Engineer: 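First the structure, then my questions, so here it is.
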Amino acid sequence: MAHDHHDPDDRHGHSTHQGHSHGHGDDIDWGAMVALLEAEAEVHSPAYARALAWLGEEVTEPGLIVDAGSGPGVIACLMAKTFPGARVVAADGSAPLLEHARARAARQGVADRFDTITGELPDSLAELDYPADLLWASRSLHHLGDQKAALAAFADRLAPGGTLAILEGGLSGRCLPRDIGFGRPGLQARLDAVQEDRFARMRAELPSAVAVTEDWPALLAGAGLKHTGTRSFLLDVPAPLPDRARAFVVARLTRAREAYADALDAEDRATLDRLLDPTDPAGVHRRPDVFVLAAHTVHRAVRPV
């Protein structure tokens, strides 16, 4: 599914996003979705870890890292482990998700270097005690109506020489063959098309929405930053899937079935129903050919000294 985020209703979502509540005024209950959001981010953690290692080539000893749109804190805690000398601040619009983030930090032994900020981005970042050496925004920017203004605000929260890293775009996630043996081939491509329409509608309905060409290096430069690189990171979990990844695929397709029922024809709805039947050998609970494949694109830029 396509913009890789964490919910079929508004992301270019891959079956795999790291969902958050960004305070953009939609009616999604992100707190209730925490299990799905955590599972998604955990399944995709190998790609995130490689992205952080790449950022670490430029940001060698950060003092403060901010995850803007952190959701339940999976990546924020990964940052704390990747950069053991850094304080990490998870910022999100959802207090329930940040409760999970704090609990996760405690379980992983990084709570002494882990803080949270609750509030709408980017204004909530004014609560930071001092500028960030690394500010990470994983598919949170596209939930803000004026993305140019948000990038400028993010840049303003960087220390001189600090890095802004945004994860936007990439390739649609996949979990099934094109032809699954029943229904019309190409189900996931049709889900992508529905999701793209929903995403465009979500963007258009955001408060103070401003349309922009999604040339992220140019947008970063427009925020006064120097673009220093763009790289995509592949997530490839081949069949047969481990239980955690399979459960995530089941949850994602269940959510897609609920969200897209009115936009799919009867045959595709029936196909999803069969895929989600735990007693059917051809369903995703049991079939041997289920996989997870996606690509995450990260753009990084530095605030001039």
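Because the structure is predicted, anything quoted here is derived from the model rather than measured.
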Engineer: With heavy-atom distances below 4.5 Å as the criterion, would you say the side chains of F83 and V88 are in contact?
Structural biologist: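 Sidechains of V88 and F83: no contact.
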Engineer: After noting the C-alpha distance and the side-chain angles of D67 and V89, does the key distance pass the side chain to side chain contact (heavy atoms under 4.5 Å, CB included) rule?
Structural biologist: CA-CA 6 Å; D67 185 349; V89 174; over 6 Å; no
Engineer: Specify the closest pair of heavy atoms between V237 and A245, including all atoms of both residues, with the distance to one decimal.
Structural biologist: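 So the two residues come closest at CG1-CB, 4.5 Å.
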Engineer: Please tell me if the side chains of L158 and V302 come closer than 4.5 Å, counting only heavy atoms from C-beta onward.
Structural biologist: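 Answer no - side chains too far apart.
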Engineer: Can E267 and L264 be said to form a side chain to side chain contact (heavy atoms under 4.5 Å, CB included), step by step?
Structural biologist: CA-CA 8 Å; E267 184 176 10; L264 299 172; over 6 Å; no
Engineer: I'd like to know if R87 and D112 make a salt bridge, using a cut-off of under 4.0 Å between side-chain N and carboxylate O.
Structural biologist: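 No, R87 and D112 are not salt-bridged.
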Engineer: Does the side chain to side chain contact (heavy atoms under 4.5 Å, CB included) test come out yes or no for H142 and F199, once each step is laid out?
Structural biologist: CA-CA 9 Å; H142 67 234; F199 183 88; 3.5 Å; yes
Engineer: Same hydrophobic cluster for Y130 and L164, using side-chain heavy-atom links shorter than 4.5 Å among ILVMFWY?
Structural biologist: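 They do share one cluster, since a chain of ILVMFWY contacts under 4.5 Å joins Y130 to L164.
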Engineer: Measure the spacing between CZ of R274 and CG of L276 and express it to the nearest 0.5 Å.
Structural biologist: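 Nearest 0.5 Å value for the CZ-CG distance: 12.5 Å.
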Engineer: Go through it in stages, so that I can follow the logic: the residues are T279 and D277, the test is side chain to side chain donor-acceptor pair (under 3.5 Å), and I'd like the CA-CA distance, side-chain angles, deciding distance and then a yes or no.
Structural biologist: CA-CA 5 Å; T279 68; D277 182 350; 2.8 Å; yes
Engineer: Are V34 and L98 linked, directly or through other ILVMFWY residues, by side chains that come within less than 4.5 angstrom of each other?
Structural biologist: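 Hydrophobic grouping puts V34 apart from L98.
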Engineer: Which heavy atom of S140 sits nearest a heavy atom of A68, and at what distance?
Structural biologist: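 Reported closest heavy-atom pair: OG-O, 2.6 Å.
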Engineer: Grab the two heavy atoms, one from G170 and one from T297, that are nearest each other, plus how far apart they are.
Structural biologist: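 Distance-wise, the nearest heavy atoms are CA-OG1, 3.3 Å.
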Engineer: Hey, can you tell me if H296 and Y48 have their rings parallel, tilted or perpendicular (30° and 60° cut-offs)?
Structural biologist: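 Rings of H296 and Y48: tilted, as their planes differ by 30° to 60°.
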Engineer: Partners of F233 by ring pair (Phe, Tyr, Trp, His ring centres under 6.0 Å), sequence neighbours excluded?
Structural biologist: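 By the ring pair (Phe, Tyr, Trp, His ring centres under 6.0 Å) rule, F233 matches W54.
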Engineer: When rounded to the nearest 0.5 angstrom, what distance separates OG1 in T82 from CG in L55?
Structural biologist: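 Here the interatomic distance stands at 10.0 Å.
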Engineer: Can you check whether R184's main-chain N or O pairs, donor with acceptor, with R190's side chain at less than 3.5 Å?
Structural biologist: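 Checking the backbone N and O of R184 against the side chain of R190, a donor-acceptor pair under 3.5 Å is found.
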Engineer: Looking at E120 and G93, would you say the former's side chain and the latter's main chain have a donor-acceptor pair under 3.5 Å?
Structural biologist: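 Answer holds: no.
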Engineer: Main chain of G63, side chain of D133: is a donor-acceptor contact present, judged purely on distance under 3.5 Å?
Structural biologist: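 Yes.
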Engineer: Measuring from E99:CD to R102:CZ, what's the distance to the nearest 0.5 Å?
Structural biologist: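 Spacing of CD (E99) from CZ (R102) equals 6.0 Å.
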Engineer: Quick one: does R203's side chain have a donor or acceptor within less than 3.5 Å of a partner on L144's backbone?
Structural biologist: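 Yes, the answer is positive, given that a donor and an acceptor are paired below the 3.5 Å cut-off.
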Engineer: So does G186 get a backbone contact from the side chain of R178, meaning a donor-acceptor N/O pair under 3.5 Å?
Structural biologist: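 Judged by distance alone, no pair lies under 3.5 Å.
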Engineer: L52 versus R50: any side-chain heavy-atom pair under 4.5 Å?
Structural biologist: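 A side-chain contact is absent here, since even the closest heavy-atom pair is not under 4.5 Å.
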Engineer: If you draw a 6.0 Å radius around CG in D243, do more than 12 non-hydrogen atoms from other residues or ligands fall strictly inside?
Structural biologist: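 Not buried by this count: 12 neighbours or fewer within 6.0 Å.
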Engineer: Drop me the distance from D129's CG to I117's CD1, to the nearest 0.5 angstrom.
Structural biologist: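 These two atoms lie 8.0 Å from each other.
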Engineer: Is L78 reachable from V298 through a run of I, L, V, M, F, W or Y residues, each pair having side-chain heavy atoms under 4.5 Å apart?
Structural biologist: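 Yes: a chain of side-chain contacts under 4.5 Å links V298 to L78.
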Engineer: For residues V110 and I75: do they belong to one hydrophobic cluster (side chain heavy atoms under 4.5 Å, members Ile, Leu, Val, Met, Phe, Trp, Tyr)?
Structural biologist: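 No: no chain of side-chain contacts under 4.5 Å links V110 to I75.
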Engineer: Taking V284's backbone N and O only, do any of them form a donor-acceptor pair with R246's side chain (distance below 3.5 Å, no angle check)?
Structural biologist: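 At least one qualifying donor-acceptor pair exists.
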Engineer: Would you call L121 and L125 a side-chain contact if the rule is heavy atoms closer than 4.5 Å?
Structural biologist: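 Side-chain contact under 4.5 Å: yes.
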Engineer: Are the side chain of R198 and the backbone N or O of A259 linked by a donor-acceptor pair below 3.5 Å?
Structural biologist: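 Checked: pair present.
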Engineer: Show the nearest heavy-atom pair for residues A86 and I65, with the distance to one decimal.
Structural biologist: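 Shortest heavy-atom contact: CB-CD1, 3.8 Å.
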Engineer: State, without any angle test, whether E168 and H299 hold a side-chain donor-acceptor pair at a distance under 3.5 Å.
Structural biologist: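 Distance-only check fails for E168 and H299.
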Engineer: Is there a donor-acceptor pair under 3.5 Å between the side chain of R269 and the backbone N or O of A261?
Structural biologist: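 Yes; judged by distance alone, with no hydrogens or angles, the pair exists.
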Engineer: Are F154 and L141 side-chain neighbours, meaning at least one heavy-atom pair lies under 4.5 Å?
Structural biologist: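 Contact flag for F154/L141 side chains = yes.
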Engineer: So does A282 get a backbone contact from the side chain of R287, meaning a donor-acceptor N/O pair under 3.5 Å?
Structural biologist: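 The answer is yes, because a donor-acceptor pair under 3.5 Å joins these two groups.
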Engineer: Using the rule given for side chain to side chain contact (heavy atoms under 4.5 Å, CB included), can you reason through V249 versus V292, listing the C-alpha separation, both sets of side-chain angles and the distance that settles it, and then say yes or no?
Structural biologist: CA-CA 8 Å; V249 169; V292 177; 3.8 Å; yes
Engineer: Under 3.5 Å, side chain of R303 to main-chain N/O of P160, donor-acceptor pair present?
Structural biologist: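 No: the side chain of R303 does not pair with the backbone of P160.
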Engineer: Over all heavy atoms of both residues, which pair between P177 and F291 is shortest? Give the atoms and the distance, please.
Structural biologist: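 Closest approach of P177 to F291, heavy atoms only: N-CE2, 3.8 Å.
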Engineer: I need the minimum non-hydrogen distance between A209 and A204, along with the two atoms involved.
Structural biologist: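 Scanning both residues, the minimum pair turns out to be CB-O, 3.9 Å.
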Engineer: Tell me, which pairs form a side-chain hydrogen bond (donor to acceptor under 3.5 Å, both in side chains) where one or both residues lie in residues 145-167, sequence neighbours left out?
Structural biologist: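 Output for this query lists E58-T163.
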Engineer: Can you get from Y260 to V250 by hopping between Ile, Leu, Val, Met, Phe, Trp and Tyr side chains that sit under 4.5 Å apart?
Structural biologist: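 Per the 4.5 Å side-chain linkage, Y260 and V250 are co-clustered.
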Engineer: Quick one: does L206's side chain get under 4.5 Å of M202's, heavy atoms only?
Structural biologist: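 L206 reaches M202 side chain to side chain.
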Engineer: With heavy-atom distances below 4.5 Å as the criterion, would you say the side chains of E38 and R104 are in contact?
Structural biologist: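 They are in side-chain contact.
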Engineer: Rounded to the nearest 0.5 Å, how far apart are CG of D280 and CZ of R286?
Structural biologist: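 Here the interatomic distance stands at 7.5 Å.
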Engineer: Less than 4.5 Å apart, any side-chain heavy atom of D236 and any of P238?
Structural biologist: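 Heavy-atom side-chain distance check passes, below 4.5 Å.
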Engineer: Please round to the nearest 0.5 Å and tell me the distance separating atom CG of L253 and atom CG of L187.
Structural biologist: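 The CG atom of L253 sits 8.0 Å away from the CG atom of L187.
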